[in-house]
Every structure is written in C-alpha cells, then in structure tokens.
Number of protein chains: 2
Amino acid sequence: MKPITQNIQDYLKEIYTLTDGGEAASTTALAARLGIAPASVTGMVQKLAGGTHPLVNYRKHQGVTLTPEGKRAALEVIRHHRLLETYLVTMLGYSWDNVHEEACRLEHFISEEFESRIAVALGNPIRDPHGELIPTPELEMPSDESLALSALRPPQKAVIVRVRADDSALLRHLESLGLVPGAKIQAVEYSLFDHNLRIQVDEKLPIVVGSAISDKIFVVCNPL
Amino acid sequence: MKPITQNIQDYLKEIYTLTDGGEAASTTALAARLGIAPASVTGMVQKLAGGTHPLVNYRKHQGVTLTPEGKRAALEVIRHHRLLETYLVTMLGYSWDNVHEEACRLEHFISEEFESRIAVALGNPIRDPHGELIPTPELEMPSDESLALSALRPPQKAVIVRVRADDSALLRHLESLGLVPGAKIQAVEYSLFDHNLRIQVDEKLPIVVGSAISDKIFVVCNPL
DNA sequence: AATAAAAATTAGGTGTGACTAAATTATAGT
DNA sequence: ACTATAATTTAGTCACACCTAATTTTTATT
Ligand SMILES: [Mn+2]
Ligand SMILES: [Mn+2]
Ligand SMILES: [Mn+2]
Ligand SMILES: [Mn+2]
C-alpha cells in the first residue's frame with residue numbers, strides 16, 4: 001500500500017485520457033503531456049507497473065494502460081478536477097478559461113470531505129464548465145453520446161454539450177463566438193475540400209469554423 | 001530566487017509563531033512542532049540562512065529568527081491558512097474543530113486569485129473561526145490587545161475574542177462549555193493555589209476552568 | 001572549576017522523481 | 001532484406017528533504 005503521490009496522480013490522469021480511445025499510451029506521448037523527458041516516464045512507469053498492486057500494465061516498447069486500481073485512482077483525481085472547476089466558476093466567479101491551472105493544482109490536495117461538500121453545494125453536477133463529464137462519487141464515468149461538431153452536415157441542428165480544450169486563448173475565442181455548452185447550432189454549409197463548416201449559432205449571423213475548432217466541440221443532435 | 005516550497009513554508013510558519021514572543025526559535029522546539037528530527041531542522045535552517053536573500057537569521061546554537069523576507073513569506077501562508085479556515089466554516093459548513101488539517105494542506109497550493117476571491121466572498125474578514133487575526137492583503141499582522149482569560153479576576157467582565165488551539169478534542173470541549181469567540185464572561189472566583197477560575201459564561205451557571213484552558217482563551221475587557 | 005545532562009550539529013545514508021547521454025529496439029522507405 | 005530514422009530504454013547523476021548515530025557545544029549542578 002505505497003502512497004499515490006501528486007506525481008503519480010498526474011501520470012494516471014494523463015494515461016487515462018491518452019488510453020480513452022482504446023490504445024495503449026506511448027512513453028513519448030505521456031512525456032509530452034506531462035512536460036518531462038521520455039526517459040523519466042520510462043522509469044516512473046516501470047515503478048507503477050511493479051509491486052503487488054500495480055497501477056498500470058506495461059510491457060517494454062508496448063505502451064501503458066491502467067489497471068482497475070489505476071483507473072479508480074485516475075477517476076478520483078478527475079472527479080476532483082472537474083468538481084473544482086465547476087465550483088471555481090459557479091461559486092467563486094472564475095472565468096472558464098482560467099480555472100484549469102487552479103484545479104490542476106488543488107485536485108491533489110482536497111480531502112474527500114471537501115470533495116463531498118462542494119459536490120453538495122453545487123447540487124451534484126454531472127458536467128463541468130466545459131461540459132466534461134464528472135465521474136460519480138462511486139467513480140463511474142457517465143457515458144456520453146455526443147458527436148464532434150465536425151461530423152455535423154447541413155441542414156442538421158444540434159446543441160453543444162462539451163468543449164474539449166484546456167487552453168485559455170482557445171477558450172476565450174470560442175466564448176467570443178458563442179460556442180459554449182448549451183448553444184444551439186445549425187449546420188449551413190460544408191466544404192469537402194478544407195472541411196470548413198458554416199454554422200449558425202443561436203440564430204445569429206452564420207460563422208465559418210475550421211476542423212481544428214469543430215473537432216474539439218461536441219454536440220447532441222436530438223436533445224430531450 | 002529559489003522557490004519557496006511547501007516544506008519551507010511550514011518551517012517559516014512555525015518559526016513565526018515560535019518567535020512571536022520575541023525570542024529566537026530553538027532547533028528542538030521547531031523539530032517538535034514540525035514532527036521531524038532536530039538534525040533535519042538544523043540542515044534545513046542552514047539552507048534557509050544561506051544564499052543571497054536568506055529567509056532566516058541563524059547562528060549555531062543561537063536559534064532562528066525570520067528575516068523581513070521570511071516574515072513576508074510566513075504571513076502570506078498564515079493569511080492563506082486563516083482565510084481558508086474561515087471559508088471552510090462559513091461557506092462549506094465545516095465545524096471549527098475540523099478545519100485545521102484541510103487548511104494546513106491547501107494553504108500551500110491556492111493562488112493569489114483564489115485567496116483574493118475567498119477574501120471578497122467573506123467580506124474581507126479580520127479574524128478566523130477561532131478568533132485568530134488574519135494578516136491583511138499587504139501582509140501586515142493586525143495588532144491584538146486581548147489578554148489571557150487566566151489573567152481575569154473577580155468581578156471583571158470580558159468577551160472572548162480568540163481561542164488558541166488547533167486540537168480537535170479541545171475545541172469540541174470548549175464549544176460544549178460555550179467558550180467560543182463572542183461569549184460574555186464574568187469572573188466569579190479565583191483560587192490562588194491551583195489557579196482555577198470560576199466564571200459565568202453568557203449568564204449561564206458558573207463553571208470552573210483550570211489554567212490549561214484559561215491560558216488558551218483570550219478576552220477583551222471593555223469591548224466597544 | 002569539574003562534570004553531568006541537555007541541546008545542537010555533523011556525518012553518512014535513504015527514497016523520490018527528475019535530468020542527460022548513450023545504447024537499444026522498433027518502424028518505415030527503398 | 002537493408003538501412004535510416006524514430007521511439008524507447010538503460011546507465012549514471014542530481015537536488016530535495018528526511019533519517020539515525022556519533023560528536024560537539026552549551027547549560028546547569030554540585
Ligand atoms: Mn481542466
Ligand atoms: Mn494536477
Ligand atoms: Mn489552524
Ligand atoms: Mn501546512
């Protein structure tokens with residue numbers, strides 16, 4: 001029962017997101033996400049894969065995946081992160097482009113009591129300010145049937161539920177375009193060549209977005 | 001400009017409280033407060049006293065005091081701690097005997113923005129839930145003219161402004177006796193021999209407190 | 001002033017988590 | 001199949017902040 005340090009939590013969190021698509025996470029990808037040298041990742045990953053209750057599965061040159069134990073630990077931190085972001089925006093007036101850093105620090109240090117109290121204060125929310133799903137107290141990740149805005153075709157209509165971005169500048173840009181969770185979208189025109197999509201946001205004048213943006217926005221077509 | 005780590009912050013905070021009475025803090029006293037070995041303290045203190053901008057003044061066998069730089073850093077952490085305790089109690093429903101640990105962890109990781117936002121949300125409070133003074137945003141410690149309850153003599157009257165205790169069990173005990181900030185006290189009887197003081201709290205039936213308790217409670221005699 | 005006790009420091013060592021440089025293994029193009 | 005490139009691992013270091021054991025310095029007692 002060795003302790004799960006802040007560092008290890010950050011590793012697990014990144015492994016979780018990198019393996020979300022089903023594939024093992026490569027050393028290099030992890031190193032890039034964590035901002036450290038690949039060699040350092042190899043060393044840490046070997047440690048995490050050892051012992052009696054390994055947090056990750058790892059075979060040389062084959063990449064890393066989470067064990068059930070590791071996944072639980074990752075979801076715990078992700079729940080902290082997303083609840084914190086929600087709390088900072090809703091209760092303390094942070095802007096949505098400014099919460100990530102604060103949440104990423106505090107997520108490692110709040111107690112279960114703190115987690116539970118802010119969850120109650122917020123009414124046990126399911127999504128954070130960016131629409132990311134918040135794992136339940138039992139650490140289940142809710143399922144999400146949204147699709148990328150880039151898959152929308154005229155004349156489909158949809159509602160934004162999620163924006164996948166941590167970057168401040170991008171978030172501010174999206175907000176200025178009205179591309180925030182809850183916004184109503186209608187696809188107006190699609191260009192096969194550059195994958196640009198012309199959309200109408202909340203019945204305003206149409207705007208054109210490239211795939212760098214439309215890949216990061218997720219919508220549901222027939223919301224209840 | 002080497003970074004002030006969490007560990008260093010805890011050292012500075014303890015040195016601040018130990019040197020509050022004017023005397024230098026001894027290695028042993030610091031070690032006891034921090035729960036580490038005296039030899040470790042010596043090592044750290046030597047480091048803190050070195051470099052171009054030392055955080056402490058230190059001469060072998062003479063104890064430690066804070067430099068102006070070190071004092072600033074200590075007050076910054078103390079402000080964080082006390083604002084956090086106040087926020088946890090006022091906004092999140094923590095009980096006053098349960099906030100210390102959470103605040104002592106988070107104090108090292110909140111940003112200046114977080115500090116400022118909770119201060120505003122609380123209306124820039126001057127005292128934390130135990131009545132401890134909160135350093136100003138400019139890191140000045142307000143002055144406190146309170147005196148120990150143990151110095152009160154019949155038939156003096158006073159109001160509790162501060163309770164000096166981090167220990168949960170003691171705090172719960174004090175609360176059960178009504179000995180909380182704001183309570184009105186009248187000294188009824190004093191025993192020279194065992195220093196017991198019989199007091200009336202908020203016009204209830206008198207109780208007797210020993211000096212272990214009355215030394216930790218601070219009052220003002222003529223509140224405005 | 002001598003000496004016993006207490007306080008503080010030095011010496012040597014540990015685990016964590018990073019680094020760089022060098023070596024190895026895998027992948028892709030010809 | 002061969003080879004160049006890219007990905008990954010190994011080897012060797014380092015800073016941090018702690019530890020125990022041994023030594024030195026201070027202080028208190030007689
Ligand atoms: Mn985030
Ligand atoms: Mn983090
Ligand atoms: Mn406290
Ligand atoms: Mn602390």
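Note: hydrogens, waters and symmetry copies are ignored here, and every other heavy atom, side chains too, is used. Naming: A, B, ... by sequence-line order, numbering from 1 per chain.
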### Distance test, side-chain N/O of Lys60(A) to OP1/OP2 of dT24(C), below 4.0 Å
no
### side-chain N/O Gln46(A) vs dT10(D) OP1/OP2, d < 4.0 Å
yes
### Task
Would you mind reading off the distance between Glu23(B) atom CD and dA7(C) atom P, rounded to a whole angstrom?
15 Å
### Task
Verify the contact: side-chain N or O of Ser26(B) to OP1 or OP2 of dA7(C), cut-off strictly under 4.0 Å; return yes or no.
no
### Query
Just by modelled atom types, is the Arg82(A) backbone N or O under 3.5 Å from a matching donor or acceptor in the Thr86(A) side chain?
yes
### Task
Mind calculating the distance between CD1 (Ile36(A)) and P (dA7(D)) to the nearest angstrom?
17 Å
### Message
Side-chain N or O of Ser40(A) versus OP1/OP2 of dG17(C): is the shortest distance under 4.0 Å?
### Response
no
### Query
dC19(D), dA17(D), dT9(D): which one has an atom nearest the side-chain heavy atoms of Asn7(B)?
dA17(D)
#### Entry: Interatomic distance, Ile8(B) CD1 vs dC18(D) P [rounded to whole Å]
10 Å
### Query
Within the structure, does a side-chain N or O atom of Thr5(B) lie under 4.0 Å from either OP1 or OP2 of dA17(D)?
yes
### Query
Without hydrogens or angle criteria, can the side chains of His108(A) and Asp10(A) be said to hold a donor-acceptor pair below 3.5 Å?
yes
### Query
Strictly by modelled atom types, are Thr5(B) and Asn7(B) linked by a side-chain donor-acceptor pair under 3.5 Å?
no
### Query
Looking at dC18(D), dT20(D), dA18(C), which one has an atom nearest to any side-chain atom of Ala37(B)?
dT20(D)
### Query
Checking all strands, does Thr27(A) fall into the base, sugar-phosphate, or nothing category for heavy-atom contacts under 4.0 angstrom?
sugar-phosphate
### Message
Ring of Phe218(B), cation from Arg162(B) - is the NZ or CZ under 6.0 Å from the centre and inside 45° of the axis?
### Response
yes
#### Entry: Heavy-atom closest pair, residues Leu83(B) and Leu122(B)
O-CD1, 3.9 Å
### Query
For Gln9(B) and dA17(D), what is the distance between atoms CD and C1' respectively, to the nearest whole Å?
15 Å
### Message
Measuring from the side chain of Ala39(A) (C-beta onward, heavy atoms only), which nucleotide among dA21(D), dA18(C), dA21(C) has the closest atom?
### Response
dA21(C)
## Note on the structure
Asp10(A) atom CG is separated from dA18(C) atom C1', nearest whole Å, by 14 Å
### Message
Rounded to whole Å, how long is the line connecting atom NE2 of His61(A) with atom C1' of dA6(D)?
### Response
11 Å
### Message
Can you see if the side chain of Tyr11(A) gets near the phosphate of dT16(C) - specifically, an N or O under 4.0 Å from OP1 or OP2?
### Response
no
### Summary
When rounded to whole Å, the NZ to P distance for the pair Lys47(B) and dT9(C) reads 16 Å
### Message
Nearest whole Å is fine: how far is dC16(D) P from Leu34(B) CG?
### Response
18 Å
